Amino acid sequence: MKNIFFIIDKPLHGNIQTQEFIDIALMAAAFDQRVLMLFEGDGVYALLQQQTPEAIGLKNSSPLLKALSVYDINDVFVEAESMRERGLSSEQFVIEVNVCPRAELKQQQETADQLFSF
Amino acid sequence: MLYIINKSHTDNLALSKCLQTASATDVVLLIEHAVYAALELSQSPLTAMAGSAVTVYALSPDMQARGVQQAACLDFIQYVDYAGFVELVAANQPIRSCF
Amino acid sequence: MLPLDVLARDEYGFLADSGQWNEAVAEALAAEDGLQLTPAHWEIIQFMRAYYAEYQHQPNARLFGQAIKKSLGADKGGSLYLYRLFPDGPLKYANKYAGLPIPPSCI
Amino acid sequence: MKISIQINASPYQHQAADSAWHFIQAALVAGHQIYRVFFYHDGIYNALRDSRPPGDERDIVKRWSALQAEHGIDLVVCVSSAQRRGLLEQSVARKVGGYEAALADGFRIAGLGLLMEAIIDADRHICFGS
(Lines give C-alpha, C1' and ligand atoms only; values in the text may rest on other atoms or scores of the structure.)
Protein backbone atom coordinates (compact mmCIF):
# COMPACT_ATOMS: atom_id res chain seq x y z
CA MET A 1 0.00 0.00 0.00
CA LYS A 2 1.34 3.41 -0.93
CA ASN A 3 0.76 6.74 0.76
CA ILE A 4 -0.58 9.03 -1.91
CA PHE A 5 -0.97 12.73 -1.26
CA PHE A 6 -3.42 14.79 -3.33
CA ILE A 7 -2.87 18.52 -3.10
CA ILE A 8 -5.64 20.86 -4.22
CA ASP A 9 -4.26 24.38 -4.48
CA LYS A 10 -6.69 25.84 -6.99
CA PRO A 11 -10.38 26.75 -6.69
CA LEU A 12 -12.95 24.17 -7.71
CA HIS A 13 -14.83 25.81 -10.54
CA GLY A 14 -14.33 27.21 -14.01
CA ASN A 15 -12.79 24.09 -15.48
CA ILE A 16 -13.04 20.33 -15.18
CA GLN A 17 -9.55 19.81 -13.74
CA THR A 18 -10.52 19.59 -10.08
CA GLN A 19 -13.29 17.11 -10.73
CA GLU A 20 -10.99 14.92 -12.81
CA PHE A 21 -8.32 15.26 -10.15
CA ILE A 22 -10.67 14.08 -7.40
CA ASP A 23 -11.57 11.09 -9.61
CA ILE A 24 -7.94 9.97 -9.36
CA ALA A 25 -8.05 10.29 -5.58
CA LEU A 26 -11.26 8.24 -5.36
CA MET A 27 -9.76 5.57 -7.58
CA ALA A 28 -6.58 5.40 -5.50
CA ALA A 29 -8.75 4.80 -2.45
CA ALA A 30 -10.76 2.15 -4.31
CA PHE A 31 -7.42 0.48 -5.11
CA ASP A 32 -6.80 0.25 -1.36
CA GLN A 33 -4.05 2.87 -1.26
CA ARG A 34 -3.79 5.29 1.64
CA VAL A 35 -5.10 8.61 0.34
CA LEU A 36 -4.42 11.96 2.01
CA MET A 37 -6.00 15.13 0.69
CA LEU A 38 -4.64 18.56 1.32
CA PHE A 39 -6.25 21.89 0.51
CA GLU A 40 -3.85 24.80 0.42
CA GLY A 41 -3.45 28.16 -1.30
CA ASP A 42 -6.54 29.10 -3.32
CA GLY A 43 -7.59 25.45 -3.04
CA VAL A 44 -9.15 26.26 0.34
CA TYR A 45 -11.85 28.20 -1.52
CA ALA A 46 -12.98 24.85 -2.94
CA LEU A 47 -14.29 24.00 0.52
CA LEU A 48 -16.66 26.95 0.86
CA GLN A 49 -20.35 26.29 1.41
CA GLN A 50 -23.15 27.60 -0.78
CA GLN A 51 -21.31 27.29 -4.06
CA THR A 52 -23.85 27.45 -6.90
CA PRO A 53 -21.94 26.92 -10.14
CA GLU A 54 -25.29 26.22 -11.80
CA ALA A 55 -25.47 30.03 -12.02
CA ILE A 56 -22.81 29.85 -14.75
CA GLY A 57 -24.16 26.65 -16.26
CA LEU A 58 -21.69 24.27 -14.59
CA LYS A 59 -22.35 21.10 -12.67
CA ASN A 60 -21.75 21.42 -8.96
CA SER A 61 -18.75 19.36 -7.89
CA SER A 62 -18.90 20.64 -4.32
CA PRO A 63 -21.11 17.70 -3.20
CA LEU A 64 -18.42 15.38 -4.54
CA LEU A 65 -16.24 16.39 -1.61
CA LYS A 66 -18.78 14.78 0.69
CA ALA A 67 -18.29 11.51 -1.19
CA LEU A 68 -14.66 11.27 -0.01
CA SER A 69 -15.80 9.49 3.15
CA VAL A 70 -17.77 6.95 1.08
CA TYR A 71 -14.40 5.73 -0.19
CA ASP A 72 -12.83 5.96 3.26
CA ILE A 73 -10.80 9.05 2.49
CA ASN A 74 -10.78 10.51 5.97
CA ASP A 75 -7.37 12.15 6.06
CA VAL A 76 -8.40 15.54 4.75
CA PHE A 77 -6.18 18.45 5.72
CA VAL A 78 -6.31 22.19 5.24
CA GLU A 79 -3.27 24.38 5.62
CA ALA A 80 -3.85 26.81 8.49
CA GLU A 81 -1.76 29.60 6.94
CA SER A 82 -3.73 29.50 3.68
CA MET A 83 -7.00 29.80 5.63
CA ARG A 84 -5.70 32.67 7.69
CA GLU A 85 -4.38 34.57 4.66
CA ARG A 86 -7.86 34.35 3.15
CA GLY A 87 -9.78 35.09 6.31
CA LEU A 88 -11.60 31.75 6.29
CA SER A 89 -12.66 29.53 9.15
CA SER A 90 -13.54 25.84 9.08
CA GLU A 91 -17.21 26.52 9.97
CA GLN A 92 -17.55 27.87 6.43
CA PHE A 93 -16.53 24.54 4.89
CA VAL A 94 -18.74 21.84 3.35
CA ILE A 95 -16.85 18.98 4.98
CA GLU A 96 -15.01 18.39 8.22
CA VAL A 97 -11.28 18.91 7.86
CA ASN A 98 -8.11 18.79 9.93
CA VAL A 99 -6.53 22.23 10.07
CA CYS A 100 -2.75 21.88 10.25
CA PRO A 101 0.19 24.27 10.13
CA ARG A 102 2.31 24.31 6.99
CA ALA A 103 5.41 22.90 8.71
CA GLU A 104 3.53 19.86 9.99
CA LEU A 105 2.00 19.22 6.58
CA LYS A 106 5.46 19.41 5.03
CA GLN A 107 6.62 16.60 7.32
CA GLN A 108 3.61 14.52 6.31
CA GLN A 109 4.37 15.08 2.63
CA GLU A 110 7.91 13.84 3.12
CA THR A 111 6.54 10.44 4.13
CA ALA A 112 4.41 10.17 0.97
CA ASP A 113 5.23 7.72 -1.81
CA GLN A 114 3.50 9.88 -4.36
CA LEU A 115 2.45 13.53 -4.43
CA PHE A 116 -0.14 14.78 -6.87
CA SER A 117 -1.20 18.27 -7.77
CA PHE A 118 -2.67 19.64 -10.97
CA MET B 1 11.69 15.85 -1.52
CA LEU B 2 12.20 17.03 -5.10
CA TYR B 3 10.12 20.00 -6.17
CA ILE B 4 9.72 20.46 -9.90
CA ILE B 5 8.69 24.03 -10.62
CA ASN B 6 7.59 24.96 -14.14
CA LYS B 7 6.09 28.45 -13.90
CA SER B 8 7.61 31.90 -13.72
CA HIS B 9 7.89 33.17 -10.14
CA THR B 10 6.18 36.42 -11.13
CA ASP B 11 3.20 34.49 -12.44
CA ASN B 12 2.74 31.80 -9.84
CA LEU B 13 3.49 31.30 -6.15
CA ALA B 14 4.71 27.69 -6.38
CA LEU B 15 8.39 28.59 -6.03
CA SER B 16 7.81 30.97 -3.10
CA LYS B 17 5.64 28.41 -1.36
CA CYS B 18 8.05 25.55 -1.66
CA LEU B 19 10.95 27.70 -0.46
CA GLN B 20 9.02 28.59 2.70
CA THR B 21 9.22 25.02 3.96
CA ALA B 22 12.17 23.61 2.01
CA SER B 23 14.95 22.16 4.14
CA ALA B 24 18.44 20.73 3.70
CA THR B 25 17.12 17.45 2.36
CA ASP B 26 15.06 19.16 -0.33
CA VAL B 27 15.97 19.78 -3.93
CA VAL B 28 14.30 22.31 -6.21
CA LEU B 29 14.43 21.90 -9.98
CA LEU B 30 13.43 24.79 -12.22
CA ILE B 31 12.13 23.80 -15.65
CA GLU B 32 10.19 25.51 -18.45
CA HIS B 33 9.32 29.16 -17.55
CA ALA B 34 10.57 28.69 -13.99
CA VAL B 35 14.20 29.01 -15.16
CA TYR B 36 13.79 32.81 -15.21
CA ALA B 37 13.89 32.68 -11.41
CA ALA B 38 17.58 31.68 -11.62
CA LEU B 39 18.54 35.11 -12.97
CA GLU B 40 20.35 37.23 -10.41
CA LEU B 41 18.37 40.38 -11.14
CA SER B 42 15.00 38.68 -11.44
CA GLN B 43 13.89 39.55 -7.87
CA SER B 44 12.94 35.94 -7.48
CA PRO B 45 12.38 34.41 -4.05
CA LEU B 46 15.61 32.50 -4.70
CA THR B 47 17.73 35.58 -4.02
CA ALA B 48 17.01 35.13 -0.32
CA MET B 49 18.22 31.50 -0.49
CA ALA B 50 21.95 32.27 -0.77
CA GLY B 51 23.72 30.29 1.92
CA SER B 52 20.68 28.10 2.58
CA ALA B 53 20.99 24.35 2.59
CA VAL B 54 18.37 23.85 -0.12
CA THR B 55 19.85 22.73 -3.40
CA VAL B 56 18.52 24.48 -6.47
CA TYR B 57 18.95 23.22 -10.01
CA ALA B 58 17.90 24.76 -13.28
CA LEU B 59 17.36 22.77 -16.47
CA SER B 60 19.97 24.10 -18.90
CA PRO B 61 18.14 23.28 -22.18
CA ASP B 62 15.18 25.34 -20.95
CA MET B 63 17.59 28.17 -20.04
CA GLN B 64 19.23 28.06 -23.48
CA ALA B 65 15.82 28.10 -25.12
CA ARG B 66 14.99 31.31 -23.25
CA GLY B 67 18.35 33.05 -23.50
CA VAL B 68 18.97 32.73 -19.78
CA GLN B 69 22.78 32.82 -19.38
CA GLN B 70 24.52 31.06 -16.52
CA ALA B 71 26.76 34.11 -16.09
CA ALA B 72 23.70 36.19 -15.23
CA CYS B 73 22.36 33.70 -12.70
CA LEU B 74 22.61 33.47 -8.93
CA ASP B 75 25.92 31.83 -8.06
CA PHE B 76 24.51 28.94 -5.99
CA ILE B 77 22.33 27.62 -8.81
CA GLN B 78 23.45 24.29 -10.23
CA TYR B 79 22.72 23.16 -13.76
CA VAL B 80 21.46 19.91 -15.19
CA ASP B 81 20.53 18.66 -18.64
CA TYR B 82 17.78 16.05 -19.16
CA ALA B 83 20.17 13.26 -18.10
CA GLY B 84 20.69 15.17 -14.86
CA PHE B 85 16.92 15.65 -14.51
CA VAL B 86 16.54 11.87 -14.71
CA GLU B 87 19.27 11.42 -12.06
CA LEU B 88 17.49 13.84 -9.74
CA VAL B 89 14.26 11.88 -10.18
CA ALA B 90 16.02 8.60 -9.45
CA ALA B 91 17.80 10.00 -6.39
CA ASN B 92 14.87 11.76 -4.72
CA GLN B 93 11.59 10.64 -3.26
CA PRO B 94 8.88 11.84 -3.01
CA ILE B 95 8.57 14.19 -5.97
CA ARG B 96 6.14 17.04 -6.24
CA SER B 97 5.42 18.68 -9.57
CA CYS B 98 4.07 22.11 -8.58
CA PHE B 99 1.77 23.75 -11.10
CA MET C 1 -47.91 2.56 -17.33
CA LEU C 2 -46.35 5.55 -19.03
CA PRO C 3 -45.67 4.89 -22.66
CA LEU C 4 -41.92 5.24 -23.17
CA ASP C 5 -42.32 6.86 -26.55
CA VAL C 6 -43.50 10.15 -25.08
CA LEU C 7 -40.31 10.44 -23.00
CA ALA C 8 -37.27 12.20 -24.41
CA ARG C 9 -34.35 9.76 -24.60
CA ASP C 10 -30.74 10.24 -25.59
CA GLU C 11 -28.98 8.32 -28.34
CA TYR C 12 -28.21 5.49 -25.89
CA GLY C 13 -31.82 5.07 -24.78
CA PHE C 14 -31.24 6.80 -21.44
CA LEU C 15 -33.74 9.37 -20.17
CA ALA C 16 -32.82 12.82 -21.46
CA ASP C 17 -34.53 14.47 -18.48
CA SER C 18 -34.10 12.67 -15.18
CA GLY C 19 -37.01 14.74 -13.85
CA GLN C 20 -39.32 12.49 -15.87
CA TRP C 21 -38.23 9.43 -13.93
CA ASN C 22 -40.62 7.46 -11.76
CA GLU C 23 -40.88 3.82 -10.80
CA ALA C 24 -43.21 3.01 -13.68
CA VAL C 25 -40.70 4.52 -16.11
CA ALA C 26 -37.93 2.41 -14.59
CA GLU C 27 -40.02 -0.73 -15.00
CA ALA C 28 -40.86 0.17 -18.59
CA LEU C 29 -37.19 0.84 -19.43
CA ALA C 30 -36.21 -2.51 -17.94
CA ALA C 31 -39.06 -4.35 -19.66
CA GLU C 32 -37.90 -2.90 -22.96
CA ASP C 33 -34.53 -4.61 -22.28
CA GLY C 34 -36.34 -7.81 -21.33
CA LEU C 35 -35.72 -7.44 -17.62
CA GLN C 36 -38.29 -7.75 -14.83
CA LEU C 37 -37.25 -5.65 -11.84
CA THR C 38 -37.21 -7.45 -8.48
CA PRO C 39 -36.67 -6.00 -4.98
CA ALA C 40 -32.96 -6.81 -5.37
CA HIS C 41 -32.81 -4.65 -8.52
CA TRP C 42 -34.71 -1.89 -6.80
CA GLU C 43 -32.25 -1.84 -3.94
CA ILE C 44 -29.41 -1.05 -6.36
CA ILE C 45 -31.47 1.41 -8.42
CA GLN C 46 -32.59 3.33 -5.34
CA PHE C 47 -29.02 3.35 -4.10
CA MET C 48 -27.87 4.90 -7.39
CA ARG C 49 -30.51 7.60 -7.15
CA ALA C 50 -29.69 8.43 -3.56
CA TYR C 51 -25.94 8.49 -4.27
CA TYR C 52 -26.40 10.79 -7.25
CA ALA C 53 -28.80 13.09 -5.38
CA GLU C 54 -26.32 13.47 -2.55
CA TYR C 55 -22.99 13.68 -4.40
CA GLN C 56 -23.92 14.80 -7.96
CA HIS C 57 -21.37 12.24 -9.08
CA GLN C 58 -21.42 9.12 -11.21
CA PRO C 59 -18.97 6.48 -10.05
CA ASN C 60 -17.07 4.30 -12.53
CA ALA C 61 -17.39 0.52 -12.25
CA ARG C 62 -14.74 0.14 -9.56
CA LEU C 63 -16.08 2.99 -7.43
CA PHE C 64 -19.65 1.76 -7.97
CA GLY C 65 -18.78 -1.59 -6.38
CA GLN C 66 -16.95 0.09 -3.50
CA ALA C 67 -19.79 2.50 -2.79
CA ILE C 68 -22.37 -0.32 -2.78
CA LYS C 69 -20.20 -2.42 -0.50
CA LYS C 70 -19.97 0.43 1.96
CA SER C 71 -23.69 1.15 1.90
CA LEU C 72 -25.42 -2.20 1.29
CA GLY C 73 -22.81 -4.72 2.42
CA ALA C 74 -19.83 -6.52 0.90
CA ASP C 75 -21.86 -9.27 -0.80
CA LYS C 76 -23.86 -6.77 -2.84
CA GLY C 77 -20.89 -4.79 -4.15
CA GLY C 78 -19.34 -7.86 -5.74
CA SER C 79 -19.32 -8.29 -9.52
CA LEU C 80 -20.93 -11.72 -9.31
CA TYR C 81 -23.98 -10.43 -7.48
CA LEU C 82 -24.32 -7.32 -9.62
CA TYR C 83 -23.92 -9.13 -12.94
CA ARG C 84 -26.56 -11.65 -11.93
CA LEU C 85 -28.99 -8.75 -11.52
CA PHE C 86 -27.88 -6.78 -14.59
CA PRO C 87 -26.30 -9.30 -16.97
CA ASP C 88 -25.53 -6.72 -19.68
CA GLY C 89 -23.55 -4.46 -17.35
CA PRO C 90 -24.51 -3.44 -13.81
CA LEU C 91 -23.11 0.10 -13.96
CA LYS C 92 -24.76 0.95 -17.25
CA TYR C 93 -28.17 -0.53 -16.55
CA ALA C 94 -28.43 0.52 -12.92
CA ASN C 95 -27.86 4.09 -14.13
CA LYS C 96 -30.30 3.66 -16.98
CA TYR C 97 -33.18 2.41 -14.85
CA ALA C 98 -32.38 5.05 -12.22
CA GLY C 99 -32.96 7.72 -14.86
CA LEU C 100 -29.37 9.00 -14.67
CA PRO C 101 -26.96 9.85 -17.51
CA ILE C 102 -24.93 7.12 -19.16
CA PRO C 103 -21.50 6.82 -17.45
CA PRO C 104 -18.53 7.59 -19.73
CA SER C 105 -17.16 4.05 -19.68
CA CYS C 106 -20.52 2.60 -20.80
CA ILE C 107 -20.91 4.37 -24.13
CA MET D 1 14.27 1.93 -12.22
CA LYS D 2 10.65 1.81 -13.40
CA ILE D 3 9.42 5.32 -14.17
CA SER D 4 5.88 6.18 -15.18
CA ILE D 5 4.86 9.47 -16.74
CA GLN D 6 1.65 11.48 -16.73
CA ILE D 7 0.89 14.23 -19.23
CA ASN D 8 -1.81 16.71 -18.19
CA ALA D 9 -1.62 19.39 -20.86
CA SER D 10 -2.27 19.65 -24.57
CA PRO D 11 0.64 19.75 -27.01
CA TYR D 12 1.59 23.06 -28.64
CA GLN D 13 -0.30 25.00 -25.95
CA HIS D 14 2.08 23.89 -23.19
CA GLN D 15 5.65 22.64 -23.04
CA ALA D 16 4.64 19.55 -21.03
CA ALA D 17 4.70 17.14 -23.97
CA ASP D 18 8.16 18.37 -24.98
CA SER D 19 9.58 18.25 -21.47
CA ALA D 20 8.23 14.75 -20.97
CA TRP D 21 9.53 13.53 -24.32
CA HIS D 22 13.07 14.81 -23.67
CA PHE D 23 12.93 13.37 -20.16
CA ILE D 24 11.89 9.96 -21.51
CA GLN D 25 14.70 9.97 -24.09
CA ALA D 26 17.24 10.66 -21.36
CA ALA D 27 15.71 8.06 -19.04
CA LEU D 28 15.92 5.38 -21.75
CA VAL D 29 19.56 6.27 -22.46
CA ALA D 30 20.29 5.91 -18.74
CA GLY D 31 18.82 2.40 -18.84
CA HIS D 32 15.59 3.09 -16.98
CA GLN D 33 12.31 1.48 -17.94
CA ILE D 34 9.39 3.73 -18.90
CA TYR D 35 6.51 1.81 -17.40
CA ARG D 36 3.72 3.76 -19.06
CA VAL D 37 2.79 7.23 -20.31
CA PHE D 38 -0.70 8.18 -19.15
CA PHE D 39 -2.50 11.06 -20.86
CA TYR D 40 -5.00 12.84 -18.64
CA HIS D 41 -6.96 16.12 -18.65
CA ASP D 42 -6.11 18.07 -21.84
CA GLY D 43 -3.15 15.73 -22.27
CA ILE D 44 -5.45 13.54 -24.37
CA TYR D 45 -4.93 15.93 -27.30
CA ASN D 46 -1.46 14.41 -27.66
CA ALA D 47 -3.19 11.38 -29.18
CA LEU D 48 -5.08 13.07 -32.05
CA ARG D 49 -4.25 11.24 -35.26
CA ASP D 50 -5.12 14.13 -37.53
CA SER D 51 -2.71 16.62 -36.02
CA ARG D 52 -0.78 18.14 -38.94
CA PRO D 53 1.74 20.74 -37.77
CA PRO D 54 3.62 22.75 -40.42
CA GLY D 55 6.59 20.82 -41.83
CA ASP D 56 9.21 22.96 -40.11
CA GLU D 57 7.81 22.21 -36.62
CA ARG D 58 8.21 19.17 -34.42
CA ASP D 59 5.39 16.65 -34.85
CA ILE D 60 4.48 15.85 -31.27
CA VAL D 61 1.87 13.20 -32.04
CA LYS D 62 4.14 11.33 -34.49
CA ARG D 63 6.94 11.50 -31.95
CA TRP D 64 4.78 9.66 -29.39
CA SER D 65 3.76 7.05 -31.97
CA ALA D 66 7.44 6.51 -32.82
CA LEU D 67 8.31 6.12 -29.17
CA GLN D 68 5.77 3.34 -28.90
CA ALA D 69 6.93 1.69 -32.13
CA GLU D 70 10.63 1.80 -31.26
CA HIS D 71 10.55 1.10 -27.53
CA GLY D 72 7.18 -0.56 -27.00
CA ILE D 73 6.22 2.05 -24.42
CA ASP D 74 2.60 1.80 -23.34
CA LEU D 75 0.74 5.00 -24.28
CA VAL D 76 -2.60 5.14 -22.48
CA VAL D 77 -5.26 7.81 -22.94
CA CYS D 78 -7.82 8.14 -20.16
CA VAL D 79 -11.25 7.12 -21.45
CA SER D 80 -13.34 9.66 -19.56
CA SER D 81 -10.96 12.57 -20.21
CA ALA D 82 -10.98 11.59 -23.89
CA GLN D 83 -14.74 11.19 -24.29
CA ARG D 84 -15.43 14.53 -22.69
CA ARG D 85 -13.07 16.18 -25.20
CA GLY D 86 -14.21 14.35 -28.30
CA LEU D 87 -11.80 11.47 -28.69
CA LEU D 88 -13.43 8.04 -28.81
CA GLU D 89 -12.26 4.46 -28.88
CA GLN D 90 -12.43 2.82 -32.28
CA SER D 91 -15.38 0.56 -31.49
CA VAL D 92 -17.28 3.39 -29.81
CA ALA D 93 -16.61 5.83 -32.65
CA ARG D 94 -18.00 3.32 -35.15
CA LYS D 95 -20.99 2.56 -32.98
CA VAL D 96 -22.11 6.05 -32.01
CA GLY D 97 -20.67 8.17 -34.80
CA GLY D 98 -20.26 5.79 -37.69
CA TYR D 99 -16.68 6.95 -38.30
CA GLU D 100 -13.13 5.82 -37.64
CA ALA D 101 -11.60 6.91 -34.35
CA ALA D 102 -9.18 9.83 -34.39
CA LEU D 103 -6.69 8.00 -32.19
CA ALA D 104 -3.10 8.07 -33.46
CA ASP D 105 -1.01 4.92 -33.89
CA GLY D 106 0.46 3.40 -30.76
CA PHE D 107 -2.05 4.87 -28.29
CA ARG D 108 -4.79 2.98 -26.52
CA ILE D 109 -7.79 4.27 -24.60
CA ALA D 110 -8.41 2.81 -21.16
CA GLY D 111 -9.64 3.61 -17.69
CA LEU D 112 -8.04 5.13 -14.63
CA GLY D 113 -7.22 1.66 -13.36
CA LEU D 114 -4.16 1.70 -15.60
CA LEU D 115 -2.99 4.92 -13.97
CA MET D 116 -3.42 3.30 -10.58
CA GLU D 117 -1.42 0.28 -11.70
CA ALA D 118 1.38 2.61 -12.88
CA ILE D 119 1.46 4.53 -9.61
CA ILE D 120 1.46 1.36 -7.55
CA ASP D 121 3.98 -0.62 -9.60
CA ALA D 122 6.45 2.03 -10.76
CA ASP D 123 9.28 3.37 -8.61
CA ARG D 124 8.58 6.93 -9.70
CA HIS D 125 5.58 8.65 -11.25
CA ILE D 126 6.28 12.08 -12.76
CA CYS D 127 3.56 14.55 -13.81
CA PHE D 128 4.12 17.08 -16.60
CA GLY D 129 1.78 20.08 -17.18
CA SER D 130 -0.11 22.19 -16.62
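This one's a predicted model, so the numbers in the text were calculated from it and none came from an experiment.
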State whether the number of non-hydrogen atoms from other residues, nucleotides or ligands found under 6.0 Å of [X] atom [atom1] is greater than 12.
| X | atom1 | answer |
| --- | --- | --- |
| Q36(C) | CD | no |
| Q49(A) | CD | yes |
| E11(C) | CD | yes |

*side-chain contact (heavy atoms from CB on, under 4.5 Å), paired with H57(C), selected from L65(A), L64(A), V70(A)*: L64(A)
_Straight-line distance of L68(A) CG to Y55(C) OH, nearest 0.5 Å_ = 9.5 Å
_Working to the nearest 0.5 angstrom, can you tell me the gap between L26(A) CG and N60(C) CG?_
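Here the rounded value is 8.5 Å.
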*Which region of Q56(C), side chain (C-beta onward) or backbone (N, CA, C, O), has a non-hydrogen atom less than 4.5 Å from a non-hydrogen atom of chain A, or is it both or neither?*
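Both the backbone and the side chain of Q56(C) come within 4.5 Å of chain A.
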*Is the backbone N or O of M27(A) less than 3.5 Å from a side-chain atom of R62(C), with the two atoms forming a donor-acceptor pair by type?*
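No; zero donor-acceptor contacts below 3.5 Å.
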*Check each atom of K59(A) against the heavy atoms of chain C and say whether the ones under 4.5 Å are side chain, backbone, both or neither.*
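Side chain only.
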*Closest heavy-atom contact between Q66(C) and A30(A)?*
CG-CB, 3.7 Å
*Check: Y71(A) and P59(C) side chains under 4.5 Å, non-hydrogen atoms*: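 Contact flag for P59(C)/Y71(A) side chains = yes.
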